[in-house]
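Computed over heavy atoms, backbone and side chain alike; hydrogens, waters and symmetry mates excluded.
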Amino acid sequence: MPSELRTKIWDAMAYYADQLKLKDAEILDIGTAGDELRPDGKPGGNYRFFGEGNKYRTMDVDPVFKPDTVGDICNMPMFDESYDLIICSQTLEHVWDFKKAIKEIHRVTRRYAIIDCPFIYPYHPEKEFGDYWRFSITALEKLAKEAGFKKVEMLDMGILTIGPMEK
């Protein structure tokens with residue numbers, strides 16, 4: 001049975017999938033560790049919300065999780081404005097240079113970004129990476145604006161959506 005937090009995240013993803021109504025979009029899901037498998041056997045549990053009719057890809061720093069792209073969120077191996085939507089769910093708390101990560105998300109997205117991370121949540125380091133930060137809704141909003149995002153919407157529990165892009 002999924003946790004209350006995971007259920008809220010899934011509800012938010014369903015909400016944004018309905019609001020954005022993306023078709024033929026390029027979507028990147030960052031930090032896929034521990035996610036459910038897609039129909040092709042790769043990780044990426046958000047596929048069920050955004051995958052149909054879209055090109056859905058995953059990126060993780062650790063190749064053991066079999067992402068489509070192995071890469072560091074602070075130095076993404078993608079061109080500017082490569083994706084219509086970037087999803088960064090439950091990942092920023094594991095990134096030491098979170099400001100650079102948010103700037104990279106801004107650089108690589110053309111239209112939208114969904115970012116969520118815990119605020120009140122147990123310490124949960126992984127074998128390969130730490131657990132460094134907690135972010136309030138106010139902090140996430142300010143970080144997004146400092147990175148260059150213009151339009152920011154917050155849901156409760158710290159889910160941030162950005163867009164449409166106004167570069």
Nearest 0.5 angstrom please: [X] [atom1] to [Y] [atom2], how far?
X: L28; Y: I30; atom1: CG; atom2: CD1; value: 4.5 Å
X: W133; Y: L143; atom1: CH2; atom2: CG; value: 11.0 Å
X: I86; Y: R111; atom1: CD1; atom2: CZ; value: 13.0 Å
X: Y16; Y: I87; atom1: OH; atom2: CD1; value: 11.5 Å
X: C117; Y: H94; atom1: SG; atom2: NE2; value: 10.0 Å
X: C74; Y: K103; atom1: SG; atom2: NZ; value: 11.0 Å

[Y] and [X], any side-chain heavy atoms less than 4.5 Å apart:
X: V61; Y: V70; result: no
X: E146; Y: I102; result: no
X: L92; Y: I115; result: yes
X: K150; Y: K145; result: no
X: R57; Y: Y83; result: yes

Counting neighbours of CD on E52 that are heavy atoms of other residues, nucleotides or ligands and sit closer than 6.0 Å, is the number greater than 12?
no
field: Close aromatic pair by centroid cut-off 6.0 Å: F98 and F135
entry: yes
For T91, the side chain to side chain donor-acceptor pair (under 3.5 Å) test, sequence neighbours excluded, returns none
With sequence neighbours left out, the residues meeting side chain to side chain donor-acceptor pair (under 3.5 Å) with D68 are R38, K42, T58
Taking all atoms of both residues into account, what is the closest heavy-atom pair of [X] and [Y], and its distance?
X: M59; Y: G71; value: CE-O, 3.8 Å
X: D62; Y: D60; value: N-OD1, 2.9 Å
X: L20; Y: Y112; value: CD2-CE2, 3.4 Å

Can a donor-acceptor pair be found, under 3.5 Å and without considering hydrogens, that links the side chain of [X] to the backbone of [Y]?
X: R110; Y: S82; value: yes
X: D84; Y: A25; value: no
X: N54; Y: L22; value: yes
X: K142; Y: A139; value: no

When I114, I73, D116 are each screened for side-chain contact (heavy atoms from CB on, under 4.5 Å) with C88, the one that passes is I73
Parallel under 30°, tilted from 30 to 60°, perpendicular over 60°: which one fits the rings of Y132 and W96? perpendicular
Taken in chain and number order and not counting sequence neighbours, the residues that satisfy ring pair (Phe, Tyr, Trp, His ring centres under 6.0 Å) with F50 are none
| task | Test side-chain contact (heavy atoms from CB on, under 4.5 Å) on E26 and L85 and set out the steps. | result | CA-CA 7 Å; E26 302 263 350; L85 170 64; over 6 Å; no
Looking only at the side chains, is there a donor atom on one of Y56 and D29 sitting less than 3.5 Å from an acceptor on the other?
yes
* To do: Evaluate the side-chain contact (heavy atoms from CB on, under 4.5 Å) criterion for residues V95 and E93: first the C-alpha distance (whole Å), next the side-chain angles of each, then the deciding distance (0.1 Å), finally the verdict.
  => CA-CA 6 Å; V95 177; E93 73 273 19; over 6 Å; no
Please lay out, stage by stage, how E36 and R48 fare under the test side-chain contact (heavy atoms from CB on, under 4.5 Å). CA-CA 10 Å; E36 300 169 33; R48 67 178 182 270; 3.0 Å; yes
Applying a strict under-4.5 Å side-chain criterion to I, L, V, M, F, W and Y, I'd like to know whether I27 and L37 cluster together. no
Check this for me: does any side-chain nitrogen of one of E104 and K100 sit under 4.0 Å from a carboxylate oxygen of the other? no
Item to check | side-chain contact (heavy atoms from CB on, under 4.5 Å) between E81 and R107, worked out | outcome: CA-CA 6 Å; E81 300 183 5; R107 179 185 70 79; over 6 Å; no
